[in-house]
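Since the structure comes first, as structure tokens, the remarks are kept for the end.
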Amino acid sequence: MRHKFQFLNYSIFLVSFSFIIFTSCKKEEGYAIPDPATQLSNDCIKRTLGPNIVSLPIEFAYAMALPKSKGKIVSAQVEASIAGATGTYLENNSYYTNASGVDVPVRVGSPSVNKDNLTSVAFNVDTNAATLRYFYVVPEEARGKAVSFTFSASSSDGATVSYKMGPYTISKMDIKRTFRVSNNNDSSYISIADMAVYNKNTVAANAGKIDLIYLYRATPAAFTHAFVSPAADAQYLPGITLPAGVNRNTKIRKVFNLQDFNLARINVGVFIDDQDFQEINLSDEPNYAIGLKAEAGTWVETADGKYRAYIFLNSVNNNGSAVISMLRYPLQ
Amino acid sequence: MDKYLKILFSFLMVVAFAACSKDAPIDEDGLLVTARAECFVSNFELLGTDFVTVRSKTAVIDTTAQTINVEVLFGTDLKNVYPQFSLATDCKLEPKIVGKMDFSDIANPKTFTVVSGNRQIRKPYKVIVKYQ
């Protein structure tokens, strides 16, 4: 009886174990080749990453195709919920990627036409498949709002298709790239409010708006390239006599290795976004940043609390100059 | 059949005993308390907000006087620096460093205590900062 009971237990264990093994080895559902499209169809991707900034383009790739027997593509158009700024266009080239990975253009239509919110291309070649790039230059009126896009295409058989993209939130940030600053009163007065650099001749008219002074000093060795607030201690403004009215006390934090894609324009997938400006706390920071290097940056908050900015040093030259780029976020 | 059941039972007993064996002692931070009595700072670093060193030369660590003398670059913002200590094996530091710290009160150097691996020896180290 005892042996019979043990045998029963053993059998149950074996059956359970075998069941687990067999179920885990069950063949997965096979992949089925999808049926080819029988009519005009379309697809779209957004190619631009990162924040959508006023004055910069957002790039899309819009693909459309229909069976050869159905006819040819006649037109393609994009409708934006807010009309794009000057420079918005839909390419009249279709692209394919060759064996070397290079995108090769093929002319398919006449140059695009912008009318109000619409950007369209009329095809003038007999083609039944194309991928057009769309570049939407973000207009000022879209700042802080959401923008949506409706891509559509029509074919010679009378069919139309459309594809909605978005909504995409437009950043409140402003961007200004590659302006030169240089030492000793020559283009060394930086205004965040104006996103501009003034020199000894133009600073007097803008004295109340100067947030930073660019300096280069070879000695002490730790000084080199610097952004110094006008209200900083005199030891950080060696040899500088400030024009009347230049007295702001700007908070500055040095950072390194923060190469924002839009400022640095190198292939680093790092983006500064509105949220970064909203969350950073600069209240304990000093009013100077010395010892700056190429590809370093500084977070800045203006004395009146109106703006935060990130100033990136694209390049520096030890003759006492630098090329900088700036992202600015309005706090009020 | 009995043989298999005995093997299975023995295996389960081993697993059960291993799971219930007494744990090694840990301290209030969940760190292992060991038999080591070494208690010293082996290296010291001070980083700025850009995580680049602000030292002008290597910090001088006196394990007898229990001081760390560090000279920082001109213009260093000592209100916002990140200290880094390297300690002897199994030691820990009090207070803990959880972010940037203020070393700007040069006249009153900060003190950090190194606690040995056996948690029996405590050595306070004074961090003396001066500008280049």
>> Can you give me the closest heavy-atom contact between Lys254(A) and Thr49(B), atom names plus distance?
In response: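 So the minimum-distance heavy-atom pair works out to O-OG1, 2.9 Å.
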What are the residues of [range], in order of number, with any heavy atom under 4.5 angstrom from a heavy atom of chain B?
range: residues 211-223 of chain A; result: Pro220(A), Ala222(A), Phe223(A)
range: residues 229-238 of chain A; result: Gln235(A), Tyr236(A)
range: residues 269-297 of chain A; result: Asp284(A), Glu285(A), Pro286(A), Tyr288(A), Ile290(A), Lys293(A)

>> Non-hydrogen contacts under 4.5 angstrom with chain A: give the residues of residues 68-100 of chain B involved, or none if there are none.
In response: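 Residues of residues 68-100 of chain B touching chain A at under 4.5 Å: Leu73(B), Phe74(B), Gly75(B), Thr76(B), Asp77(B), Asn80(B), Lys100(B).
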>> Just checking Lys126(B): does its NZ atom have more than 12 heavy atoms from other residues, nucleotides or ligands closer to it than 6.0 angstrom?
In response: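 No, not enclosed.
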